Amino acid sequence: MKDAENVQLAEALAPIRDMVKACIQCGTCSASCPNAFAMADTPRRLWRMLQAGEVQMVLKSGSFTLCSACYTCTLRCPRGLPLTDAMSALKQVVAHQDALRFASTTLFYRKFMESVRRHGRVRETEFMCLYLTAMKNPLLPFQFAPLGLKLFSRKKLDFRPPSKGGDARMDALFQKVHELENAP
Amino acid sequence: MNPEAGEILVVGGGVSGMQASLELAETGHDVMLVERAPYLGGLVSQLDHQFPSNHCGMCRMLPMLHRDSGEQSCLRKGLRHDRIHIRLSTDVTAVEGEPGNFRVSLRKAASCVDPIQCIGCGACVKVCPVETPDDFNAGLSMRKAIFQAAPFNMLNSYRIDPAACTRCGACVSACPTGAIHLTDADRGAFRILVVDDEQIVRDSTAEWLIEEGFAVEKAASGLQALDLLGRSSYHLMLLDIKMPGMDGVEVLKKAKDIAPGITVIMMTAYATVETAIEAMKSGAVEYLIKPFDPEMLLSMADKHYQAFVEAADEKITAGAIVLTGGAALYDPSGDPRNTLEYGVLPQVVTSLEFERMLSPAGPCKGLLLRADGKPVSRIAWIQCVGSRDLQLGADYCSSICCMISIKEALLAREVSGENLRADIFFTDMRVCGKGFHRYKELAESAGHIRFIRGRVHSAIPEAVSGDLQIRYVSLSGIEKEESYDLIVLAIGQRPHPDMPRLAERYGFSLNASGFAESLPFSPSETHRAGIFMAGSFSGLKDIRESVIQASAAAVNASRTMSVLSKSFPQHLDTKDIPPFPDVSREPSRVLAAICSCDAALDVCMDAASVVQRLRQDPAVQDVLFFNHLCAGQDRESLIQEIRQRHPNRLLTASCASCADIFQEVAVAAGMDPRLSVTADIRMPVLCAMSSSKALDTAAKMQQCADLMNSAISEGLVRVKHADAVKPSETAVTARALVAGAGIAGMTAALAIADHGYPVDVVERSDRVGGNLNWIHHTLDGHDVQPYLEEIRQKVESHPRIQVYTRAQVMGVWGEAGHFYTTVAGPDNSVMQFEHGSVILATGGAEASTSLYGHGTNPAVLTQKELETALHSDALASRELSSVVMIQCVGSREAPRNYCSRVCCQTAVKQALALKSQYPDVRIYVLYRDMMLYGFSESAYTRARREGVVFIPYSLDQKPEVVPAETGACVRVFDPVSDRRLEIETDIVVLATGIVPAFTSDDGDIFGVERDPDRFFMEADAKWRPVDAMKTGVFGCGIVNAPLTISETVASAQAAAMRALRILTRTTLASSRITAVVRHSLCSRCQLCIAACPYQARVLDTEADQIRVNAAMCQGCGACASICPNSAAVVEGFSMPQLFEMIDIAVQ
Amino acid sequence: MSLVRKLAIDRQDILGTVQGFLRSILTLEDIAVVLAPRRLAEKSVVMPALITQPDCLSDADPLAPAFFLNAAQMMSRLTRRPSGQKIAVVLRPCEIRAFIELVKFKQGALEDVLIIGLDCLGAYPNTVYRRFAAADPDGSTLRFFFAALSGVSETVEGMELASACRVCEHPFPEGADIAIGFMGISPLDYLLVQGQTPKADAYLAQVKLEPVAIPAGRGDAVASRVSSRVQARDAMISRTHEATGTPEKLAAYLTGCINCYNCRNACPICYCRECVFCTDVFDHEPFQYLQKAGRSGSLKLPADTVLYHLTRLVHMSTSCVGCGQCSNACPNDIPVMELFRATARYSQKAFEYEPGRSVAEPPPMSVFKEHEFADVVGLKGKT
Amino acid sequence: MKYLYYPGCSLEGTSREYDISTRSVLKALDVELTEIPDWTCCGASAAASVSALLSLALPARNIAAAEAVSDVNDILAPCSACYLNLKRAEEEARHGAEMLPRLNAVFESEGLKMTGRMRVRHLLDVLSQDIGADRIRRNVSHPLSGKRVAPYYGCQCLRPYRVFDNPEKPVSMNALIEATGAQVFPWHMGAACCGASHMNTHAAVGTSLVTAILKAARGADAIVTVCPMCHMNLEAYQDKISQNCHDNLRIPVVYLSQLLGMALGLSETDIRLDMNLSEAAVFSAGSSIVAVR
């Protein structure tokens, strides 16, 4: 990656680095994390990478996408660090970087928010459709097919057609947030 | 001597309190020692074993000189000293006044058992129907409501736990001596108001209290309560917090206006505990969490009732106060998370509980078994429970837990055998005290203790096996699971919950963590003049540090008195003994006087057999029985009897504590007190009665009778052979020599000189100040130079201090009390000094190194060089973008296999300084264990927050430094990210540690050995940390061990205190129990000289005789054991006497 | 190890050759006196004598199987305080070892002493020797010498050597300055003279002797003698343990003791100026005897006999060199040496201490620390 | 007792039975609910991944909307995810001095304003602390005697804000379950994580978390939940998981409100066990609820 991008990335990660600077590498987070087993890099190592300013490595790792926000680490961290928030912030950075690698995660969230913006509330069925289409993975829908059937049988699926128009209130709100966030 | 007006008050009877009291008493002060618990010893009384010997050495605190003025026995059994007045179960309730005249109120808790009457037979325990957890065994076992507070503390007899006692009266009728008095007759006069909006709570609470005999009224709302309070008076109010309308806190505030004296306990639900704690600030004393059980409620109510009953205070005055109240231990069950399930799972215990499990006197009788009866074969120690945890408000390290765990692991393997797996889970092993690192390494290599870096958070019980499973992540990120039989939580310390109240009462301030705050550079001084402190009161100390600080506090308290009164301690003379008729040629004629302690001992004494046994020995002239020999009519009649019957020796059988009284009786009757012996017939009775052997009462009584008979026979043998030899004396030269004029030497000199004694300070270099000359500020941010300047001026202007620079001690001859010293001064001059004690404060220096390119690569500096550079222009002109610090350079591995204690603090200090000077500088600290013990942990947190990166390295993967164009490149493996880092850096800073300025020649000159790391070797690492084995020689500052500045100051003050114990006397008399030489028998084989551990023996070649320095001799008997023909004997232990003793023992 | 020299036998007179060697030592400039066993006028007695006249050395008989007393005691008297003169002394190996022990106890000094030791063939008990030598005192020494040197048994002419010598595994003068050897070589040709210390080398340089190689057979002879002695010693020790293993057996073993203290007086190690058993310590009150008798129904007199031996065992068993003078001195034939060696075997082994090996090794008890032998001192489980 | 009610999107969709049973049970216990008019999505876990401000603004808008309704101070949210989002908005607004005006700026065009007086309460909080087990016990008409019920709290009602229960070892459901006459099934999974949206994004990881929970529940008659996300994860994949590990790990999963409803003797239409994906009927079989139907 080019230096300029690197600098930009480092800037984006700086507030997250501040969150974990006081980490003493005791490993409580990693031993407590229900998803650590699936992570290429334990949470502790992610914090270490952040401390050392290894921004590229953090993003390359991507282990943070496996955080399920259970807050156990946050609760247990002897330094009282906002670790779940740090994970969440990393996800945000990725979302903004639009890194392809995290397509499944980011897209999921983006499509979700699209649904919200449109209706004010989420239409779960609609959003899943949007998500599955956007993933462009022909196998994915099959993965969720059994669930869909079940929901269908319990009359839990909402088959209102996706509305094209937006919810005005939501549009305003989203717009305002965007303005505020991008204000200097 | 007025026991009502203890000259100095010591509050807290733990190790620190006892040490401070002994120091003060031994320098001539009267001491009032107040302890809240019913026994002395504090926390340590619950710990049977101590590093480094892994057994107890508490008695080593006892006076080594003039030992006769105190009792020479196990301190766990009690402390006795002529000048120490002890108040147990007593609280200080008020303090006012100023240094020199503090007026103090003391309040003693009810004990219900008369200690004179109680013979410890335990009949009461048998009949007591109440079982309650035993605090002493950390709640691991049960005890009755009437109980012995500490297992060893015989003299302290039995007590009633008012909270547990149901007042059934069974014990009162079972007591054979009528020693028990229950004081609950007027519970009805104790009025309690219960305020709660919930009727069910209100009613059941009231009902429980009424059943126990209290007078109770109820209120359903705050308004109603206030109304009632306005109309009549109550002693106690139980007040709910969450009530509609006016809430509890508001009611509390208003109630305190209406009835300021009322005691208020808040009742709260889980959700409002914080509010309850808040309410304590508005005057509530305690809180109860709902739902509570009746016992909890009643114990609280009763406690306040007892206070109400016992409200009569004792008033004393004190010139100075030493606070040694200790700290509390962290209670893991108090953490709402409590993921280690302490208190839930029986296999999870605290380190204190584990100590009790290991104790032969503890609940497991020293055997390690699981709750299911299986032997314990795997134990995990989990460090930092309640420490270094910001979420628990503990931004500090408890300092002592690492060593406790290592010790416990070793002990556990000793108890359970080699197959026990002992694993210690840690974040940093903070083994930074003297000898700690070696101990840890030995535990690892020889003890097979596993040290695992990883923080364990929770324990999960396996249903079938009953094992506990834990999960941790190795440094490299591998998840691991292990199973254990037992998990020991290395619990940290907490300030005592009463600290805020104490701070207000005594007027000292608290630090951020809630411990008492000390003055900068003087850890034993509080912010209030005349009030000093020691031990864990100011935070987190092990025994060694506590003992040092207690001595330091004592010297400051004593100095306060000296400075205030402008008079210095009277020279303490040994008691002057008038001449008595010489009876040494007469056959022994013993008068035996037996006391029944106010008839208490009658129940188990067989008078006829006592007389018969005594009469067998022709030396016994008379046997008389008394009821109350220590006072009044009986005492007078004994004097008369002696005058009439003309015995030449007196044997009294009574309590040991009366021995002094009978010596006075002997003198009054014209007898040499050295020919009076007291046989303690009370202790054997207490021992027999409290023995765990299941015997019926008759058998126990018989055993008592036998033991009393033996005790009396032994006393007879002792008195029969007693010798009226006057102990030899050495005249004391009231002047001290201090070698070294660094901060340690100057501090010690000032402390001594302020007591009125001249001090000669000998300094090798050309200026005073030592290492402080190059240190600019401390980790706490205090400026060093103004402090050094202040001390320097005090020393140089002190009329009693003479400093000799460019001078060196060449030889020290003589002995405690009187040394001769030759000093080589500048220009080949030679000076001679005579003095009574010597303090070694020659200090040390930063170790030099050639590692990592130091000396060849200009980018590589030592910490000292960095400190200098930071405060000169050397760095100012440079732009720094990156700094690497390497810790433990040449330290903690052979040949300098010790931790220098201060380097990690220094690294953090420099890192913070660099960060403030160059905000963008990247700093990497490469470390093995960050030794940020105690409150310095918070600086570590700060440094982390500032973005300093800390990377651990191990000995097998040390960092490499390669020179680069500018600066250097440091390669290091980072186990956390599991890869090698290459750090381009401007400078590399090496922490090389401290080496003492103490050569083997110095050792020979001062008669002091060096420890394996070439530091001053103390007589006992824990209990006599600044004493050399050679009496009269002391070592402080970093010649003794690596220390910070304030620790150095404390050790210097401690050394001064120890030296003053010699200087305050005109003569050093030996105690009566010392070794002597029978020259006519002596073959001069000199085995005794080699055997004497105190260097008290020399061969006088001119007289061709072995000479014993009676003051240095401690009467240990090593010489007597090695001497083949009893030419070396310990007085009071002659062979015929011992033979007779053995005869009695084998009878 | 320095040069080995050859002391050629003069006219097949071995004794004369040894005497001649001593004479050459005595004539050296700074040797004032030789202390050596000398056959006295009463011909069947051989005692140490201080010899200053070279002529008097013709009666010296260091090879005689007579061992009336352990001369280490005499050496103690001669060296306790400096005399200003140098002494050459001929000592048996066990005497050398005893003297080194006494030096450690500051009862003697090595500085002004040149110790000459010979291979030791052992000796008879005093009474036996007088019988052996009675007929032909002058010839008896060589008779014994050749019989003992060739024989494998410890019995010469039907008379048994002293029990101590039969179990002595140190028949070679390891601690001597000058060692004279004859075992394992042909002693009719020459004797080996070996300086074992720098001091000895300085003296030997002045005595004209040819260097020689140590003959091949010597090593084997030394080893085989030592190993058979070790075997005998171990058998003796186990016999003695069997006989003394309980307090009752020990009391029976010592029944004959009459508190004459001969064993103590004969013991080279017992250096006390006045024995504790002769002091007021054991001056019991009459009523105490009666009390004790009363308690157990009967009290053997003299009392304290077992205690006496136990005490001596405590005091000197670590230093016991096994010279056997105690047994030699006992009027009631109590095998005292056996008891002491059997005990010493263990006390010495415990401290890995060999008495007399080197002055540099301090006596164990003087360097004993309380944490050692936790199981013995009662601290087990507490350290 | 009055609460403003925030059902959240899930309770309108896949978890309608949670909504229905919550309303019914609270009504039976004399609790008055007022649905926040025109409430909008709280942002779920997705908003945080997209924008920090948005993740606070979406829930805060609902708090502001609640403030506009009445002087009731408590917002009741049955969905743990919604609860946490709303709670965070509440806390941030209270403790971050700059946050409140910033949030108000976002929805000022709507005429909404947040002052910080509202308290966001989870259904479990209200049931265990305000209503209490005693009151429920008094209303139980059909005790669930003999049933062993495993309380599953999930994460977000407990963590990171410690409000009404021990966040690692929660107990608040125990008294409620016991009040129904059922027994509390002892296990260690009550506060474990179900993997949340991993089931969609990292199915393998999510599955292994759920598997562990289902395995631990073996021996219980049902798992009780208080969160639609957890509920869905625990019940929707039981067949697949059972298949994967060759073991029958199927177990009824019911909402706490459904459990209480059964004990209070509410009708099937009030608790809609038929909408559960797991075999909830197996659990109710034999209990008195059958009689009501």
Side-chain angles (χ1 to χ4, degrees), chain B residues 48-49 52-56 360 366 410-411 414-415 587-588 613 615-620 717 720-721 1078-1093 1099 1101 1104 1106 1116-1119 1121-1129 1134-1140 1142-1144 1146-1147, chain C residues 76 80-82 101-108 264 267 269-292 294-296 303-304 307 311-319 362-371 374 377 379-383:
Chain B
D48 289 7
H49 314 270
S53 61
N54 295 350
H55 43 73
C56 178
L410 287 171
L411 287 170
E414 209 172 85
V415 167
S588 292
R613 281 274 292 263
R615 285 282 182 207
Q616 275 181 7
D617 193 323
V620 175
V717 172
K720 223 166 71 177
H721 295 278
R1078 298 160 85 188
H1079 299 296
S1080 63
L1081 295 181
C1082 175
S1083 313
R1084 330 277 188 267
C1085 69
Q1086 301 173 45
L1087 290 180
C1088 53
I1089 294 178
C1092 176
L1099 174 69
T1101 42
D1104 191 25
I1106 305 282
C1116 73
C1119 51
S1121 321
I1122 195 148
C1123 180
N1125 65 337
S1126 297
V1129 286
S1134 76
M1135 291 280 263
Q1137 191 176 350
L1138 289 176
F1139 283 145
E1140 283 196 51
I1142 293 169
D1143 283 346
I1144 290 163
V1146 300
Q1147 246 171 49
Chain C
S76 164
R80 274 198 62 175
R81 283 182 287 278
E101 285 304 287
L102 286 173
V103 170
K104 293 183 201 171
F105 292 121
K106 313 286 189 288
Q107 304 300 310
R264 182 196 70 204
C267 178
I269 305 297
C270 259
Y271 62 85
C272 285
R273 206 179 259 195
E274 185 173 6
C275 178
V276 67
F277 279 86
C278 299
T279 64
D280 56 351
V281 168
F282 287 88
D283 188 12
H284 305 307
E285 292 291 327
F287 90 92
Q288 288 176 307
Y289 286 106
L290 302 180
Q291 209 173 30
K292 270 187 199 159
R295 265 204 301 279
S296 46
D304 301 328
L307 183 61
T311 303
R312 238 169 57 76
L313 278 169
V314 169
H315 288 168
M316 49 70 55
S317 79
T318 48
S319 290
M365 282 306 171
S366 68
V367 290
F368 176 75
K369 293 279 183 289
E370 62 180 23
H371 58 80
V377 300
L379 285 170
K380 194 175 176 70
K382 292 181 186 165
T383 45

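Residue numbers start from 1 in every chain, and the chains themselves are labelled A, B, ... in the order their sequence lines are given, proteins ahead of strands. This one's a predicted model, so the numbers in the text were calculated from it and none came from an experiment.
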Practice task
Decide yes or no on side chain to side chain contact (heavy atoms under 4.5 Å, CB included) for B/Arg1078 and C/Asp280, but give the supporting numbers first.
Solution key: CA-CA 12 Å; B/Arg1078 298 160 85 188; C/Asp280 56 351; 3.0 Å; yes

Exercise for the section: Carefully, step by step, assess B/Ile1122 and C/Ser366 under the rule side chain to side chain contact (heavy atoms under 4.5 Å, CB included). Expected result: CA-CA 7 Å; B/Ile1122 195 148; C/Ser366 68; 4.0 Å; yes

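Annotation: side chain of B/Asn1125 is not in contact with side chain of C/Cys275 (no heavy-atom distance under 4.5 Å). Looking at heavy atoms from C-beta onward, B/Cys1085 lies in side-chain contact with C/Tyr271 at the 4.5 angstrom threshold.
Classified by interplanar angle (parallel below 30°, tilted 30° to 60°, perpendicular above 60°), the ring pair C/Phe282/B/Phe1139 is tilted.
Of the two parts of C/Arg312, neither the backbone nor the side chain holds a non-hydrogen atom closer than 4.5 Å to a non-hydrogen atom of chain B. Only the backbone of B/Ser1080 has a heavy atom closer than 4.5 Å to any heavy atom of chain C. Heavy-atom distances place no part of C/Pro362 under 4.5 Å from chain B, backbone and side chain included. In this structure, the portions of B/Leu1081 lying under 4.5 Å from any heavy atom of chain C include both its backbone and its side chain.
For the set B/Ser1134, B/Ala1091, B/Cys1082, the entry with the most heavy-atom pairs within less than 4.5 Å of chain C is B/Cys1082. Chain C forms the most heavy-atom pairs under 4.5 Å with one residue out of B/Leu410, B/Leu1087, B/Leu1138, and that residue is B/Leu1087.
Shortest non-hydrogen contact noted between C/Lys292 and B/Asp1143 is CE-OD2, 3.3 Å. Closest of all the heavy-atom pairs between C/Cys272 and B/Pro1124 is SG-CG, 3.5 Å. What you find for B/Arg1084 and C/Gln107 is that their closest heavy atoms are C-NE2, 4.2 Å.
Without hydrogens or angle criteria, C/Gln288 side chain to B/Asp617 main chain gives no donor-acceptor distance under 3.5 Å.
In this structure, OG on B/Ser1083 lies 13.0 Å from NZ on C/Lys106, to the nearest 0.5 angstrom.
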